[in-house]
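See below for the structure under consideration.
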Amino acid sequence: LWPWLLASSGLSALVQLVTLPFFPDSPSYLLIQKGNEEACRKAIRKLWGEGDHQAEIDDIMKEKGAMASTKTLRVLEVIKERSLRWQLYILVIVMTTLQLCGINAIYFYSFEVFHTAKFEEYLIPYVSLGVGLCECLSSIVCSTLIDRFGRKVLLWGGYLLMCSVLALLTMTLSLQHRFFWMHYFSVILIFLFVVFYGIGP
């Protein structure tokens, strides 16, 4: 079954490859990068239907004017620029914490936790698949929550809940030889961690 599951990802790539030529170019790309207003209007009509879209074109023209007055910085210039320093720090911290938050360790050791929880050998791949589905679904939920609560709340809340789950998971893995039900609690915590990871970071 696993070869078929891995091959199924190629199906979506094939659909994109076949349908992509039929999609119109971005109106802003056509107007700002190419300077082709007629192609921009045609793309807008194809995307949004017939009608008066002059307001949208005016917005793109304002964006073009703003971009023309903005200097493009090289990587070293971005690092040296004082006005961008805090944004750069925040970006580096967010990306670093994303890599070191523990999600890779969870995925790596989840098989062992499921095995210790006395799951049948043939069921473990399906439980692992369930963990991946949890991340996918929680990411979809996040896209609806981000407009309501904002990125900062979701990041703080996600990391806080993930830290709590990791602390509990450390405790349950340490006590799993004393209490038989700790194995199942560890499995629940793995699923919760993945959900909080998908909703937060």
Side-chain angles (χ1 to χ4, degrees), residues 1-13 16 75-76 78-201:
L1 187 63
W2 278 108
W4 288 104
L5 285 172
L6 288 170
S8 66
S9 61
L11 183 64
S12 62
Q16 288 181 34
V75 175
L76 284 175
V78 170
I79 293 169
K80 290 175 182 176
E81 182 66 43
R82 280 187 175 276
S83 62
L84 299 175
R85 198 151 290 168
W86 275 110
Q87 293 94 316
L88 189 64
Y89 289 156
I90 290 167
L91 183 66
V92 168
I93 289 167
V94 168
M95 296 312 294
T96 304
T97 52
L98 191 61
Q99 293 301 314
L100 302 175
C101 69
I103 190 68
N104 294 326
I106 288 290
Y107 275 122
F108 186 78
Y109 288 110
S110 62
F111 186 89
E112 189 178 326
V113 172
F114 297 150
H115 192 270
T116 312
K118 303 293 189 294
F119 278 98
E120 296 288 341
E121 200 75 34
Y122 73 93
L123 284 175
I124 292 176
Y126 296 104
V127 180
S128 299
L129 185 64
V131 171
L133 283 173
C134 267
E135 183 180 351
C136 183
L137 291 173
S138 58
S139 299
I140 293 168
V141 170
C142 175
S143 65
T144 60
L145 293 177
I146 199 163
D147 291 330
R148 188 172 178 184
F149 297 105
R151 182 168 290 280
K152 189 189 283 188
V153 172
L154 290 181
L155 277 173
W156 275 104
Y159 280 124
L160 186 66
L161 291 167
M162 285 162 64
C163 284
S164 306
V165 168
L166 282 178
L168 286 170
L169 188 59
T170 304
M171 194 166 57
T172 57
L173 291 174
S174 302
L175 297 172
Q176 65 184 356
H177 299 295
R178 292 190 182 185
F179 307 101
F180 75 93
W181 50 269
M182 280 290 179
H183 303 300
Y184 305 106
F185 196 42
S186 299
V187 172
I188 292 166
L189 288 173
I190 285 173
F191 275 89
L192 283 175
F193 183 87
V194 170
V195 167
F196 296 146
Y197 172 79
I199 290 174

### Task
Looking only at non-hydrogen atoms, find the nearest pair between G132 and Y107 and report the distance.
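Shortest heavy-atom contact: CA-OH, 4.1 Å.
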### Query
Taking all non-hydrogen atoms of both residues, which atom of L88 and which atom of I79 are closest, and how far apart?
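Closest approach of L88 to I79, heavy atoms only: CD2-CA, 3.9 Å.
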Would you give me the side-chain donor-acceptor pairs under 3.5 Å for residues 189-199, sequence neighbours excluded?
none

Could you state the interatomic distance from [atom1] ([X]) to [atom2] ([Y]), rounded to the nearest 0.5 Å?
X	Y	atom1	atom2	answer
E121	F114	CD	CZ	13.0 Å
Q16	L11	CD	CG	10.5 Å
L173	E112	CG	CD	8.5 Å
L168	I188	CG	CD1	11.5 Å

### Task
Under the side-chain contact (heavy atoms from CB on, under 4.5 Å) rule, what do V141 and L137 come out as? Steps first, then yes or no, please.
CA-CA 6 Å; V141 170; L137 291 173; 5.6 Å; no
### Message
Run the ring pair (Phe, Tyr, Trp, His ring centres under 6.0 Å) test against F179 and tell me which residues pass, sequence neighbours left out.
### Response
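So F179 forms a ring pair (Phe, Tyr, Trp, His ring centres under 6.0 Å) with W181.
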### Message
Holding to ring pair (Phe, Tyr, Trp, His ring centres under 6.0 Å), I want the full list of residues that pass it with Y122, two or more places apart in sequence or in another chain.
### Response
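Here no residue qualifies.
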### Step-by-step side-chain contact (heavy atoms from CB on, under 4.5 Å) determination, I106 to V131
CA-CA 10 Å; I106 288 290; V131 171; 5.5 Å; no
### Query
Could you give all pairs that pass the side chain to side chain donor-acceptor pair (under 3.5 Å) test and reach residues 143-153, with sequence neighbours left out?
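Of all non-adjacent pairs touching residues 143-153, none passes side chain to side chain donor-acceptor pair (under 3.5 Å).
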### Query
Can you list every side chain to side chain donor-acceptor pair (under 3.5 Å) pair that touches residues 153-173, not counting sequence neighbours?
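Listed by first then second residue: T97-Y159, T172-S186.
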### Query
Above 12 or not: heavy atoms from other molecules or residues under 6.0 Å from CD of Q87?
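More than 12 within 6.0 Å, yes.
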#### Entry: Partners passing side-chain hydrogen bond (donor to acceptor under 3.5 Å, both in side chains) against S12 (at least two apart in sequence or in another chain)
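Result, side-chain hydrogen bond (donor to acceptor under 3.5 Å, both in side chains) vs S12: none returned.
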### Task
Please assess L175 against M171 for the test side-chain contact (heavy atoms from CB on, under 4.5 Å), listing each intermediate value before the final yes or no.
CA-CA 6 Å; L175 297 172; M171 194 166 57; 4.0 Å; yes
### Message
Under a 3.5 Å distance rule, please check whether R85 uses its side chain to pair with a backbone N or O of K80 as donor and acceptor.
### Response
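Answer holds: yes.
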#### Entry: Pair H177-M182, side-chain contact (heavy atoms from CB on, under 4.5 Å): steps then yes or no
CA-CA 8 Å; H177 299 295; M182 280 290 179; over 6 Å; no
### Query
Any side-chain donor-acceptor pair under 3.5 Å between E120 and Y126?
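No - no donor-acceptor pair under 3.5 Å links their side chains.
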